[in-house]
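Some notes on the structure that comes next.
Order of the sequence lines fixes the chain letters, A, B, ..., with proteins taken first and strands second; residue numbering starts at 1 for each chain. These numbers come from the heavy atoms of this one structure, side chains and all, not from hydrogens, waters or symmetry mates. Model, not experiment: these values are computed from the prediction.
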Amino acid sequence: MAEEKKSRPAVGLQPEGDVDWSQYRGILVVVEQRDGVAKKVSWQLLGEARRMADKLQAPLMALVLGHQVGHLVKEAFAYGADQVFLSDAPILQDYRTRSYSRVCLQVIREYKPEIVLIGATYTGRDLAGAIATHVPTGLTADCTQLDVDENRLLNATRPAFSEKMVATILCKQFKPQMATARPGVFAALPRDDARSGQVIEIPPQIEESEIGTRVLEFIQERQGINLEDAEVIVAGGRGVGSPEGFRLLQELADVLGGVVGATRPVVEAGWIGHEHQVGQTGSTVRPKLYIAAGISGAVQHVVGMQHSDYIVAINKDPEAPIFSGAHYGIVGDLFEVIPALITAAKARKTTHVS
Amino acid sequence: MLHIAVCIKQVPDSREMRIDPKTNTLIRQGAPAIVNYFDLRGLEAALQLKDEFGARVTVLTMGPPSADKAIKECIAMGADEGILVSDRGFAGADTLATSYVVGQTIDKAGEVWGPVDLVFCGKQTIDGDTGQVGPGVACRLDYEQLTYVEKVESFDPNTREIVVHRHLEDGVERVQAKLPALITALAEMNKPRRASLPGVLRAARYQPIVWTTNDFTDLDRSKIGLRGSPTVVGRSWVPEQKPVNTKILTGDTVNQVAEDLFTALFATELPGKLGWVQEG
Ligand SMILES: Cc1cc2nc3c(=O)[nH]c(=O)nc-3n(C[C@H](O)[C@H](O)[C@H](O)COP(=O)(O)OP(=O)(O)OC[C@H]3O[C@@H](n4cnc5c(N)ncnc54)[C@H](O)[C@@H]3O)c2cc1C
Ligand SMILES: Nc1ncnc2c1ncn2[C@@H]1O[C@H](COP(=O)(O)O)[C@@H](O)[C@H]1O
């Protein structure tokens with residue numbers, strides 16, 4: 001057993017003992033993409049990191065990795081990077097933890113950023129957790145605020161305890177300091193195609209034989225339900241009464257150019273799929289408009305939607321807690337209110353026309 | 001025989017957690033402890049594989065002595081053995097230190113009952129809420145890492161290959177992996193079974209196996225507990241509740257109320273942001 005342990009790659013790729021942390025400079029943002037299209041969160045992180053890099057007077061680096069993704073280098077510059085690492089190889093065609101984390105580690109070891117930021121997407125969290133363990137260093141998940149202080153420490157602020165509290169997490173003794181941040185929290189800089197900088201190619205140091213996973217296929221979601229990116233959500237709870245009731249909500253969602261959300265009990269009852277669930281054990285959403293119909297407003301639901309720009313609550317119980325966090329409340333039977341909203345919305349042509 | 005480890009954590013039921021208005025700290029006392037919601041999905045998935053292919057299922061948790069209740073709950077559902085890793089030395093661990101101890105525990109469980117082929121974790125805990133422990137454990141064990149899994153499509157005990165569906169924002173990825181592997185479970189994966197009567201009877205008598213720091217032969221004490229945790233909480237506070245000025249719309253008819261709502265919404269920046277157009 002002891003021998004088997006030794007044969008494993010050493011965890012902790014950095015020298016143990018005294019390390020000269022002052023060599024670590026600059027901020028690295030790992031750019032996430034699928035089929036050569038970058039996730040918005042990558043550019044949002046670059047925007048926020050630009051501000052911090054200027055404060056630190058240190059370079060802002062971006063790492064673009066994948067297969068046939070060279071065109072993203074230009075975009076990374078346009079969104080604020082000073083220096084771009086490009087790792088473009090067939091082995092990086094699909095995201096796999098081993099190959100992608102290996103490339104990130106190569107860059108971290110060689111170019112020593114003091115901060116590494118990754119989008120808190122499913123893929124980003126998968127990757128960040130692996131990298132931080134290998135380095136090893138501290139990682140703060142799902143940050144909603146990022147800043148650097150006079151000691152060059154990353155102040156990574158995130159919600160804690162079902163968003164009842166907020167905490168600023170520090171990583172004082174290790175570098176790089178790592179954090180992931182959710183999509184939609186930060187704003188990207190306006191694209192400036194005149195910007196450019198140094199491009200450094202990173203050949204991935206990994207063989208296919210070292211990777212035990214294979215992506216068989218990617219199935220684009222049928223209904224295209226993407227709560228996290230949705231700008232309008234019409235959500236229903238037990239008050240909706242049945243699977244058929246959700247068709248009514250879908251109709252309103254369609255008219256408003258949105259998607260349907262749900263509470264946990266209705267998902268568990270099988271009225272609608274799990275991918276629609278909003279809340280602590282579902283998705284955390286930040287739409288511009290959230291309409292909650294027949295939802296009581298339990299904290300586990302509210303933590304998932306409280307940061308919506310506008311919340312409209314429809315409930316026949318005037319005492320329902322959902323009203324206290326809502327901007328607009330309608331006390332009434334949703335089976336009367338929703339059809340009226342559909343009619344009013346249609347009259348105003350709310351569906352997105354671009 | 002297939003050996004499956006399931007990592008669980010006992011968490012306070014967040015519905016019951018309150019903030020002390022005077023000290024602005026969290027009152028955990030009185031909040032009932034439950035097994036983390038997602039971890040039960042991992043356990044159910046392990047039990048399903050056990051039902052189909054035969055397997056030994058070991059649940060484990062690093063936590064306070066009172067977490068033995070969580071272990072017993074898993075035994076009642078059908079787990080074979082439960083390990084409680086508990087010692088003051090482990091206290092104050094962040095995700096890096098937790099994943100180190102959990103990894104060591106899985107190694108040690110492998111020494112006792114045969115190498116662990118598959119590990120299940122939850123997608124995340126509802127108190128720590130990071131989702132970092134799973135990837136950390138996979139990394140330390142050098143297992144294939146399969147996060148955010150909503151379905152185990154197939155498992156072939158002969159080739160030792162597993163096919164899972166990973167849930168991503170924009171779709172589903174079918175991934176094949178060679179064991180040993182670590183899976184983190186989403187709520188979609190299954191519905192945890194109820195405890196069976198024999199299970200409940202066994203759980204009532206069952207004494208979880210307790211391991212302290214002294215039970216590990218080559219535990220690096222610089223990597224555990226507070227000392228092994230690179231992250232520290234600098235400051236924490238109760239977020240200012242943005243007072244929402246709730247406007248209750250009252251009109252004579254629902255149509256009037258609906259009109260009023262859209263009139264109000266059209267007076268905000270929403271139409272511009274959402275590309276809504278107003279006729280006329
Ligand atoms: C660990 C844990 C995690 C959880 N995670 C989540 C989560 O992620 N997301 C989540 O949503 N919940 C979650 N829950 C469950 C949560 O605590 C609540 O039980 C749930 O949010 C309540 O759902 P609801 O509002 O649909 O149902 P109810 O609380 O039953 O509310 C139904 C509401 O509909 C109203 N109503 C009924 N009929 C009508 C009508 N015709 N017109 C208008 N209004 C009507 C009623 O007045 C009532 O207010 C979790 C619970 C636990 C313990
Ligand atoms: N103390 C612990 N003991 C055992 N498993 C844990 C512990 N903490 C976290 N886990 C596992 O790691 C998953 C992710 O936890 P977290 O990173 O805290 O969100 C959980 O769902 C558990 O499966």
Worksheet item: Taking atom types as modelled and ignoring hydrogens, do the side chains of Q145(B) and D126(A) form a donor-acceptor contact shorter than 3.5 angstrom?
Response: yes
Worksheet item: Does a donor on one side chain and an acceptor on the other come within less than 3.5 Å for R348(A) and T263(B)?
Response: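 Short answer, yes.
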Worksheet item: Backbone N or O of A344(A) within a donor-acceptor pair of the E259(B) side chain at under 3.5 Å?
Response: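 Such a contact is absent between E259(B) side chain and A344(A) backbone.
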Item to complete: Look only at the side chain of E144(B) and the backbone of G212(A), and say whether a donor-acceptor pair between them is shorter than 3.5 Å.
Response: yes
Would you call [X] and [Y] a side-chain contact if the rule is heavy atoms closer than 4.5 Å?
X: L139(A); Y: L96(B); result: no
X: I219(A); Y: R174(B); result: yes
X: D170(B); Y: F218(A); result: yes
X: H134(A); Y: R140(B); result: no

Worksheet item: Quick check: are there more than 12 heavy atoms from other residues, nucleotides or ligands sitting under 6.0 Å from CD of E319(A)?
Response: no
With only heavy atoms counted, which part of [X] is less than 4.5 Å from chain B, the side chain, the backbone, both or neither?
X: Q177(A); value: neither
X: T97(A); value: side chain
X: A130(A); value: both
X: D309(A); value: side chain
X: S324(A); value: backbone
X: Y310(A); value: side chain
X: V312(A); value: side chain

Quick one: which of [options] has the most heavy-atom pairs under 4.5 Å with chain B, could you say?
options: R96(A), K39(A), E268(A), K288(A); value: K288(A)
options: R158(A), K172(A), Q173(A); value: R158(A)
options: D142(A), I169(A), T281(A); value: T281(A)

Examine whether an atom of [X] lies under 4.5 Å from a heavy atom of chain A, and if so say whether it belongs to the side chain, the backbone or both; otherwise answer neither.
X: Y100(B); answer: neither
X: Q124(B); answer: side chain
X: R160(B); answer: neither
X: A264(B); answer: both

Practice prompt. Against chain A, work out which of V254(B), T253(B), T246(B), V175(B) has the most heavy-atom pairs shorter than 4.5 Å and name it.
Written response: T246(B)
Practice prompt. Work out which heavy atom in A345(A) is nearest to a heavy atom in F262(B); give both atom names and the distance.
Written response: CB-CZ, 3.6 Å
